[in-house]
Enquirer: 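Next up is a structure, given as structure tokens.
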There are 2 protein chains.
Amino acid sequence: MKPAESLDTRDRLLQTAAALMWERSFQATGVDELCQRANAKKGSFYHFFPSKSDLAVAAMESFWEHARAGIFEPVFSSSESGLTQLRELIERIHELQVQVSAEKGGVLGCPFGNLGQEMARQDEKIREALQKIFDSHCQFIEAALIRAEQAGEIPAGDNRQRAKNIFALLEGALLLAKVANDPQIFRRVISAVTVVAAA
Amino acid sequence: MKPAESLDTRDRLLQTAAALMWERSFQATGVDELCQRANAKKGSFYHFFPSKSDLAVAAMESFWEHARAGIFEPVFSSSESGLTQLRELIERIHELQVQVSAEKGGVLGCPFGNLGQEMARQDEKIREALQKIFDSHCQFIEAALIRAEQAGEIPAGDNRQRAKNIFALLEGALLLAKVANDPQIFRRVISAVTVVAAA
DNA sequence: CGCAGAGTAGACAGACCGGTCAACTGTTGG
DNA sequence: CCAACAGTTGACCGGTCTGTCTACTCTGCG
């Protein structure tokens, strides 16, 4: 993630929004505060985005693009086996949680999961955007499972469903870690992933 | 759950708070609206509870007591085997999700998980309360796993950790169902529980 | 009866919210 | 040289937020 100062106003707003909403929540993030932190003025905000919800959608999409390019694609395009890639992904997520939780003074969990729990029932656009982002996550996992199946690492089965199961376990583990405020909870729960992958 | 009219003011506030915060979210639930729906006045609200956060904690504890008495204790004190009890619990949760989502026009997910994602990083009292409620959930699951292990349904293992894994899967599945706005997602993901139980 | 305390009532406060708007600036292309 | 336009600025709006306060009612008890 580039330093905020070097970006243009729109990108600064996007990046600040993602950070603040991850750290706190959508509703606890005020437009005024957000603009201040992004070094932008309210008028600029509403010049680029019709509403706070639209900014949230754009911020999540942008955040996912960064995560995809910075984590998912490198991990899943390696020469490792499907299951190893999966374990590598989990390792990266865990590292990120540890690092961010040290920086912010507590476990933040998954930015998409957080926003989903909070806003899915209140804002349809946000719900749809997150649904798509979840799907993208699952597609990466599914592809790894297919490779694992072809390599004989796991028995043949419904890899799409398996991917959803694994993703659900990830999200649940992040929630437990957040409520316990202990990133190690995530690592321990996640040990079950290999089993779910073969289910 | 008794009809709201027959309860005293404090209980009406508790019940209405749990319902509204489940349906929407903590921050989207206003004190004014809450009082109106509970047929109470602001003065009464702040007579019983020092703040909205304290009400939320009390409402979650009360809701959990209802769920424990109405679902968890009946299910886990039956004469069925440990794994069957677990499946029965999941069945009940699924039925509840289907019913509530028909009533409210969308999947609401887990009231505790929702509040946890939203408020764990913003209100330490809420975080601690939910942490305890999560623990109680896990204790029920763990007890069932111990019975399952003794009956030879699953191999010997760390049943405390297994319980956390299962609980994480449940919470994750509820999140996916909420974001997809489809309660059937929950049922499908949850098919992996038996595997996780034996991991 | 009279009093104490629990609970009720709702006006009020002050901060803060998301969002609007008209005026301004800086750049680009004809 | 100016017109067109993307972007910026910050004052401003009406509404809503949680929480406070004083006055009131009801009930049980000595």
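Below, read A as the first sequence line, B as the second, and so on, with proteins coming before strands; counting in each chain starts at 1.
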Enquirer: In whole angstrom, what separates A/Gln36's CD from C/dC16's P?
Expert: 12 Å

Enquirer: Taking only distance into account, with no hydrogens and no angle test, what donor-acceptor pairs under 3.5 Å do side-chain atoms of residues 163-177 of chain B form with protein atoms, sequence neighbours excluded?
Expert:
unit_1: B/Asn165; atom_1: OD1; unit_2: B/Gln161; atom_2: NE2; d: 2.9

Enquirer: Please state whether the phosphate of D/dT8, meaning OP1 or OP2, lies under 4.0 angstrom from any side-chain nitrogen or oxygen of A/Thr9.
Expert: yes

Enquirer: Can you find a side chain N or O atom of A/His47 that sits less than 4.0 Å from OP1 or OP2 on D/dT8?
Expert: no

Enquirer: Just how far, in rounded Å, is C1' of D/dT8 from CZ of A/Arg10?
Expert: 16 Å

Enquirer: Which is it for B/Glu128 and B/Lys132 under the salt bridge (Lys or Arg N to Asp or Glu O under 4.0 Å) test, yes or no, and what are the steps along the way?
Expert: CA-CA 6 Å; B/Glu128 282 168 12; B/Lys132 280 181 192 151; 5.7 Å; no

Enquirer: Starting at CG of A/Asp123, measure out to NZ of A/Lys52 and round the result to the nearest 0.5 Å.
Expert: 10.5 Å

Enquirer: Check the distance between C/dG7's P and B/Asp11's CG and give it to me in whole angstrom.
Expert: 12 Å

Enquirer: Within this structure, what is the CG-to-P distance between A/Asn39 and D/dG7, rounded to whole angstrom?
Expert: 17 Å

Enquirer: Taking OP1 and OP2 of C/dT8, is either one under 4.0 Å from a side-chain nitrogen or oxygen of B/Ser44?
Expert: yes

Enquirer: Quick one: does any side-chain atom of B/Glu153 pair with a main-chain N or O of B/Leu83 as donor and acceptor, under 3.5 Å?
Expert: yes

Enquirer: Just how far is it from atom CD1 of B/Ile90 to atom CD of B/Gln97, taken to the nearest 0.5 Å?
Expert: 13.0 Å

Enquirer: Rounding to a whole Å, what distance do you find between A/Asp8:CG and C/dT27:C1'?
Expert: 16 Å

Enquirer: Applying side chain to side chain donor-acceptor pair (under 3.5 Å), can you list everything that pairs with A/Lys125, at least two apart in sequence or on another chain?
Expert: A/Asp54

Enquirer: What string of B, S and - do you get for nucleotides 17-23 of chain C, 5' to 3', when a contact is any protein heavy atom under 4.0 Å?
Expert: -BBBB--

Enquirer: Nearest whole angstrom, please: distance from the C1' of C/dT8 to the CZ of B/Phe49.
Expert: 15 Å

